[in-house]
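Numbered from 1 within each chain, the chains take letters A, B, ... in sequence-line order.
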Amino acid sequence: MPLYVADAMDAAEREGLRRHLAAGCVACVGHLAEATATFASVGLGLDPVVPSPDLLRRTLDRIDRKAVPGRPASSRWRWAAPAAAAALAAALATYAAVTRHDRAAVAQTVEEARFNYNNDARAMLLRSALADRDQTVDQLRSRLAAQQQVVDALRAPGVRVLALAGVGQKDASAQLVWAPTAGRSALLVSRLAPPHPGRTYELWFITADQKAVPAGTFTADAGGSAVLTAAVPPGLGPLAVAAVSDEPAGGTASPTGQIQLAGKVP
Amino acid sequence: MSAEREQSPDDLALMDAIAAGDRSALSRLFDRHGPVLLAVCRRVLNDADEADDVLVDVLYEVWARSDRFDPARGNPLTYLVTLARSRSIDRRRSLGARPPLRSDRSAELADRAASADGPFQHAQAGEQSTRVRRALADLDDDQRVALECAFFDGLSHTEVAAKLGKPLGTVKTSIRQGLIRLRQILRMDQ
C-alpha cells in the first residue's frame with residue numbers, strides 16, 4: 001500500500017490493487033487510509049505559513065458568485081461499505097416497481113442505509129482513535145511504573161549512581177542507579193539512537209571475575225531516551241562494569257554486538 | 001504522528017458543517033489548517049502568488065465539492081493536505097516548468113521568516129511540523145529524498161529513479177521502507 005499512495009507501482013500492479021479496492025475490501029481500504037495519512041505527513045513537516053486573510057475573502061467571494069440555491073446536502077457514500085452498498089442497490093432495483101406508498105418506504109431505507117454507512121465510517125475512525133488513545137495510556141502507565149521503580153531504587157540504603165559513557169555512540173550517556181541491597185537497579189539513558197529494525201539494546205552487569213550477566217533489553221525512543229529497571233541477581237558479586245550492547249531482537253545470553261555504553265565502578 | 005493522528009472530532013464536525021453550507025465552518029478550517037496547506041502549496045510551487053491562488057482553489061473545492069470528502073478514506077487533515085499537494089502539482093505542470101528540488105535552505109528559511117509573525121494559535125501546527133521534521137530526519141537519506149521527490153515534486157517512481165540516478169528497485173524499496181519507518185517513528189513519538 002505505501003507504494004500505491006506514492007505512485008511507485010507499475011501500471012499492472014496499480015490497476016490490480018485499484019480493482020481490489022473498488023471491490024470493497026474493507027481491510028485494504030483501512031490500510032490505504034493509513035498509508036495515505038503517512039504519505040501526507042511528509043507535507044506536515046514544513047513550517048506553517050500563515051496565509052493572508054485576503055485568501056479567505058477571495059474564497060468566499062467566489063462562493064458568492066457561484067452560489068446555487070438549494071445546495072444539496074453531502075452525499076458521502078461513494079465508497080460505501082459492502083453491506084450498505086448492497087442495501088442501496090437492492091432498494092434502488094426495486095424502487096421503480098413498487099407502489100407510491102412503497103416508494104416512500106424504499107426512500108426511507110436508502111436514507112437509513114446512507115445514515116448507517118456514515119455512522120459506520122465515523123465509528124471506524126473513532127475506534128482507531130480510541131485504540132491509539134489506549135496505546136498512549138498504556139505507554140504512560142508503563143513509564144510511570146518504571147519511574148516509580150527508579151524512585152524506589154534511589155531510596156534504597158547504600159544506593160550508588162554509576163555513569164556510563166557513549167562508546168559506539170559518542171553523544172549517548174546513561175546513569176545506572178545501583179541498589180544491590182534492595183535487589184534493584186535502574187538505567188536512565190539519554191541521546192541513544194533507536195536501534196535498527198530487528199535489533200535491541202541489552203544491559204550487562206559485568207562482575208570483577210569478568211562474568212557478564214544479562215540484565216534486560218530496551219529500546220530508545222525517537223528522542224534517544226530510555227528507562228530500564230532491572231533486578232540485581234542474588235549472589236551476583238561485586239559489580240565491576242555496566243555496559244550496553246547492540247544485540248539481535250530478544251536479546252542474547254552473552255554479549256555479541258557492539259558496546260554502545262559502558263561505565264566502570266570506581 | 002501521521003496526518004491520521006491529527007484527527008480530531010472537531011475537524012469532522014467542520015467538514016460536516018461545510019457540507020451543510022456553514023461558511024463559518026470554512027473560516028474555522030482556514031484558520032486551523034490554512035498555514036499547513038499554504039506551506040505545502042509553496043513548497044510544491046516555489047512561488048508565493050501561485051501558492052495563494054491554489055489555496056483559494058483548494059478551499060473553494062472543499063466547499064463546492066464537499067461530497068468528495070469520505071471519512072472512510074482518511075481524516076480531514078489528510079484529505080486537505082492531499083488535495084493541496086495534488087492541486088499544486090497540477091498547477092505546476094500546467095505552468096510548464098518544474099522548479100528544481102531545493103537543495104539549499106534559503107526558500108525554507110524565507111518560509112520560516114514569513115511564518116514567524118503568525119498568531120500564537122498556530123503554535124500547535126509548529127509543534128506538529130517539528131515532530132514530523134524530526135521523524136523525517138531519522139530516515140535514511142535515500143528514503144527521505146525519495147519520499148520528498150514523490151510528495152513535493154509529484155514524481156512517479158521511474159521519474160524519481162531517473163532524477164536521483166538510482167536503480168528503480170532501489171527507489172521503490174526506499175519509498176516503501178521510508179513510509180513504513182516514518183509511520184513507526186511517528187507512532188513512537190505519539
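Summarising the geometry, atom OG1 belonging to A:T59 is positioned 12.0 Å from atom CD belonging to B:E61; distances are rounded to the nearest 0.5 Å. Remark: B:I175 CD1 to A:M9 CE distance equals 11.5 Å, nearest 0.5 Å. In this structure, CZ in A:R14 is found 10.0 Å from OG in B:S156, a value given to the nearest 0.5 Å. We find the CG-CD1 distance between A:D7 and B:I89 to be 9.5 Å, quoted to the nearest 0.5 Å. Distance check: B:L37 CG to A:L44 CG gives 9.0 Å after rounding to the nearest 0.5 Å. Here the CZ atom belonging to A:R58 is positioned 10.5 Å from the CG atom belonging to B:L59, to the nearest 0.5 angstrom.
Heavy-atom distances place the side chain of A:P194, and not its backbone, under 4.5 Å from chain B. Heavy-atom distances place no part of A:T219 under 4.5 Å from chain B, backbone and side chain included. Contact annotation for B:L136: only side-chain heavy atoms (C-beta onward) come within less than 4.5 Å of a heavy atom of chain A. There is no contact between A:M1 and chain B, counting heavy-atom distances below 4.5 Å. Using a 4.5 Å cut-off between heavy atoms, A:D64 touches chain B through backbone and side chain atoms alike. Only the side chain of B:R181 comes within contact range of chain A, with heavy atoms under 4.5 Å apart.
Between chain B and the options A:D221, A:V5, A:L60, A:L55, heavy-atom pairs under 4.5 Å are most frequent for A:L55. For the set B:L80, B:T82, B:V58, B:D53, the entry with the most heavy-atom pairs within less than 4.5 Å of chain A is B:D53.
A:D54 has its side chain out of reach of B:D52: every pair of non-hydrogen atoms, C-beta onward, lies at least 4.5 Å apart. By the 4.5 Å heavy-atom criterion applied to side chains, A:F39 and B:R85 are counted as neighbours. In this structure, the side chains of B:F152 and A:V42 come closer than 4.5 Å at one or more pairs of heavy atoms.
A salt bridge is defined here as a Lys NZ or Arg NE, NH1 or NH2 lying under 4.0 Å from an Asp or Glu carboxylate O, and B:K172 with A:E13 meets this definition. Of the charged side-chain nitrogens involved, at least one lies within less than 4.0 Å of a carboxylate oxygen, so that B:R133 and A:D47 count as a salt-bridged pair.
In the displayed structure, B:R87 atom CZ is contacted under 6.0 Å by more than 12 heavy atoms of other residues, nucleotides or ligands.
Closest of all the heavy-atom pairs between B:I180 and A:P2 is CG1-CG, 4.4 Å. Across all non-hydrogen atoms, the minimal contact from A:L56 to B:S27 is CD2-OG, 3.6 Å. For the residue pair A:A6 and B:L179, the shortest heavy atom distance occurs at CB-CD1, 4.4 Å. Closest approach of A:A222 to B:I185, counting heavy atoms only: CB-CG2, 4.3 Å. Closest non-hydrogen pair, B:V36 versus A:P48, comes out as N-CB, 4.4 Å. The nearest pair of heavy atoms linking B:T78 to A:A40 is CG2-CB, 4.2 Å.
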Apply side chain to side chain contact (heavy atoms under 4.5 Å, CB included) to B:H157 and A:L3, showing your working.
-> CA-CA 9 Å; B:H157 60 309; A:L3 296 178; over 6 Å; no
